[in-house]
Amino acid sequence: MLNQDIAKAFNEIADLLEIKGENPFRIRAYRRAAQNIESLGRDIADMSEDEMIRIPGIGKDLAGKIREFVEKGRIERLEELRKEVSPGLTEIMTVPGVGPKTAKVIFEELGISNIEELEVAARQGRLQGLPGIKRKTEENILRGIEMLKRGRERQPLGKVLPLAEEIVARLKRVRSVRKISLAGSLRRWKDTIKDIDILATSTNPTEVMNAFVNMPEVEEVLLKGPTKSSVVLGEGLQVDLRVVEEDSFGAALQYFTGSKAHNIKIRERAVKMGLKINEYGVFRESDGKKIAGRTEEEVYQAIGLPYIPPELREDRGEVEAAEKGVLPELVEIGDIKGDLHVHTRYSDGSHGIEEIALFAKSLGYRYIAITDHSKGLGVAGGLTAEQVMEQVKEIQAINRKIKNFRIFMGVEVDIRSDGSLDLPDEVLSKLDIVIASIHSGFRQSVGQLTMRLLSAIKSPYVKIIAHPTGRLIGERDPYEVDMVQILQMAKENSTALEINAYPLRLDLNDRYAREAKEMGIPLVISTDTHITEQFRFMRYGVHVARRAWLESKDILNTKDIKELERFLKSRKKT
DNA sequence: GCCGTTTTCGGCCCGACTGTTTTCAGTCG
């Protein structure tokens, strides 16, 4: 998808303009456009210029630049800027604490244009004495380089959230803490996280800050004040804690939950209404009187909007939807009635069928689908046709035993590298549910991978495509497939797409899932459970769905058994 | 560069912390 490349180009233009000291609002315009393009669910290359202009933050000029990039693979303005500004400057700016001004001084005075040279110069004390730079700043820069080396990449939500929840639980035990909540991208359930934001109220802020910076995992204290402190954990993860007054908690929570783009939007709206929003509350411009701030609901109400759930706050149309009163009724974890992707000991799962079914029932589920791997996946102990039929018999027997619960007989059939399915049709036709997925040949061409998925989608027996893009966050990029074609084919065949809730997958992601919803494609949220504890991953999947604006009615495993069966028994057109 | 309940020009979100400064600039989120 070209979107990421265009976003990257626009961000680079913004960096270069920043170094040149250009109009900050123009710079912001490029960054905003980049962000909005990145979050688009469809390929911008397929859009007409008129359609592009309807994307917020994109006007005539940027639409022209996008077209230029699509057609020529380059943007003339960017090439010019690259000639004007030394490439080293943007590199230096990637060091935390070094912005455009500092980078420029260092480059112009010392001729330093890469991070290695910068580190050497800082170690030799050669930065001291430059305008605005003394010993402390030099130390900061060295620290910034260290942090950069340790890699401050975004980390998977599934890794960060448990850690963050633990920190919150620990701070909750500090006696003076009243309210405490996660904020930032964690509260919005973004699939990757750069740092942990926590917000609290306290009768003794100093006590909280002390407890915070003295936690055992803290490797380094970046800054510490009475209302704001930042630390770095052993894993290289930054944690920010803000402490505010009780009657500002809602405003602060709204503020620190972001996203930045969402906040800018609502503050602009506030300004137009003669109001000002900051982390302390909503204030009347005329007399400075505070009119809201204790709760987030109050804040939104003060600017004439209904409450907007955190997962939607990405400036992807949620403010406009709130204005019109057409926000979606987002799916909730309690709406989920079953899990349609479950493994057992028959392949690479850890439990027997009855055991895992009873566990699912104890969670309040009404049904599960047993979907072990097929034989092509040798490493996972995939099943032959005969083994599948044995499993079917066992499931039938257990279904007679367990009351008020239903086990659907299924399989996760491997899509072979030529696009054929790993089990014969006469086996697939005997099952309640067939999900299909790719587990090999990831490096095939776009055309081949797309063809494989398309032919699985078309199969009259395949009801669901599992983890459609195959990504493993931080480990493996999504397959290069033509999602436009895949979504179209899924729609034509009413083949459902899975939101795989396994925290490293979260696949489909929020953008594609939203596009799928808008096209009317059925979706399921499944955990791909291999061991009972993994049923708890469902919350990750539900939150991806919420970020995708999905409502309960868009998701198959919120349906009761009868309605789900109707879908499973429906015939495809083909 | 975008955008319109101060509409086609002139605005554009807001504040904390740090360091180098005697009142503020830079950076970050």
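Numbers restart at 1 for each chain; the letters A, B, ... are given by sequence-line order, proteins then strands.
Using a cut-off of 4.0 Å between Lys/Arg side-chain N and Asp/Glu carboxylate O, A:R135 and A:E139 are scored as salt-bridged. Ion pairing of A:E68 with A:R77 is absent here, as no side-chain N (NZ or NE/NH1/NH2) approaches a carboxylate O to less than 4.0 Å. With salt bridges taken as basic N to acidic carboxylate O contacts below 4.0 Å, one links A:D191 and A:R471. Taking 4.0 Å as the cut-off between side-chain N and carboxylate O, A:R31 and A:D15 count as a salt-bridged pair. Classification of A:D315 and A:R32 as a salt-bridged pair holds, one side-chain N sitting under 4.0 Å from a carboxylate O. Under a 4.0 Å N-O distance rule, the pair A:E279/A:K228 does not qualify as a salt bridge.
Across every strand in view, B:dT8 sits unpaired, with no contact that passes the Watson-Crick or G-U test at under 3.5 angstrom.
With B:dC3, B:dC12, B:dG29 as the candidates, the nucleotide lying closest to the side chain of A:D197 is B:dG29.
Separation of the P atoms belonging to B:dT8 and B:dG4 is 12 Å when rounded to the nearest angstrom. Nucleotides B:dT27 and B:dT21, compared at atom P, are 15 Å apart to the nearest Å. Between the P atoms of B:dT20 and B:dC14, the separation comes to 30 Å (whole Å). Comparing the same atom, C1', in B:dT18 and in B:dG11 gives a spacing of 31 Å after rounding to whole Å. When the C1' atom is compared between B:dC2 and B:dT7, the two are found 13 Å apart, to the nearest whole Å. Using P as the reference atom, B:dA16 and B:dT22 are 23 Å apart when rounded to the nearest Å. Taking the P atom of each, B:dG10 and B:dC17 are spaced 38 Å apart, rounded to whole Å. The separation of B:dG19 from B:dC12, taken at their P atoms, amounts to 31 Å, rounded to a whole angstrom.
For A:I66 and B:dC2, the CD1 to C1' distance is 13 Å, given to the nearest whole Å. Residue A:R269 contributes atom CZ, which lies 18 Å from atom P of B:dC12 at whole-angstrom precision. Here B:dT6 presents its P atom at 10 Å from CE of A:M273, a figure rounded to the nearest Å. We find that CD of A:E268 is positioned 16 Å from P of B:dT7, with the value rounded to whole Å. The nearest whole Å value for the distance from the CZ atom in A:F10 to the C1' atom in B:dC2 is 13 Å. Summarising the geometry, the separation between CZ on A:R26 and C1' on B:dG10 is reported as 14 Å, rounded to the nearest angstrom. Here the P atom of nucleotide B:dC28 and the CZ atom of A:R31 are 10 Å apart, to the nearest Å. Summarising the geometry, the separation between CD on A:Q238 and P on B:dC28 is reported as 11 Å, rounded to the nearest angstrom.
If you check every strand for non-hydrogen atoms under 4.0 Å, A:S230 touches nothing. Residue A:I266 is classed as having no contact, given no heavy-atom separation below 4.0 Å to the nucleic acid. At a threshold of 4.0 angstrom between heavy atoms, the contacts of A:K65 are confined to the sugar-phosphate backbone, with no base atom among them. When heavy atoms are screened at a 4.0 angstrom cut-off, A:P24 is found touching no nucleic acid atom at all. Contact annotation for A:N263: no contact, since no heavy-atom pair falls under 4.0 Å across all strands.
Checking side-chain atoms of A:R126 against main-chain N and O of A:V120 turns up no donor-acceptor pair under 3.5 Å.
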Write down the protein N/O and nucleotide N/O pairs, taken from nucleotides 14-24 of chain B, whose separation is under 3.5 Å; answer none if there are no such pairs.
residue, atom, partner, partner atom, Å
B:dC14, O2, A:Y255, OH, 2.8
B:dG15, OP1, A:K276, NZ, 3.3
B:dG15, OP1, A:N278, ND2, 2.9
B:dA16, OP1, A:Y280, OH, 2.5
B:dA16, O3', A:T227, OG1, 3.2
B:dC17, OP1, A:T227, N, 3.4
B:dC17, OP1, A:T227, OG1, 3.0
B:dC17, OP1, A:K228, N, 3.2
B:dT18, OP1, A:K224, N, 3.2
B:dG19, O3', A:T137, OG1, 3.0
B:dT20, OP1, A:K134, N, 2.8
B:dT20, OP1, A:K134, O, 3.3
B:dT20, OP1, A:T137, N, 3.3
B:dT20, OP1, A:T137, OG1, 3.0
B:dT21, OP2, A:K134, NZ, 3.0

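In this structure, B:dT7 shows a glycosidic angle within 90 degrees of zero, which is the syn conformation.
Sorted by first and then second residue, the pairs that involve residues 168-216 of chain A and meet ring-ring contact (aromatic ring centres under 6.0 Å, His included), not counting sequence neighbours, are A:W189-A:Y540, A:W189-A:H543.
Checked by distance alone, A:N23 brings a side-chain donor or acceptor within 3.5 Å of a matching partner on the base of B:dG1.
Cation-pi geometry between A:R188 and A:F256 is not met: the NZ or CZ atom fails to fall both under 6.0 Å from the ring centre and inside 45° of the normal.
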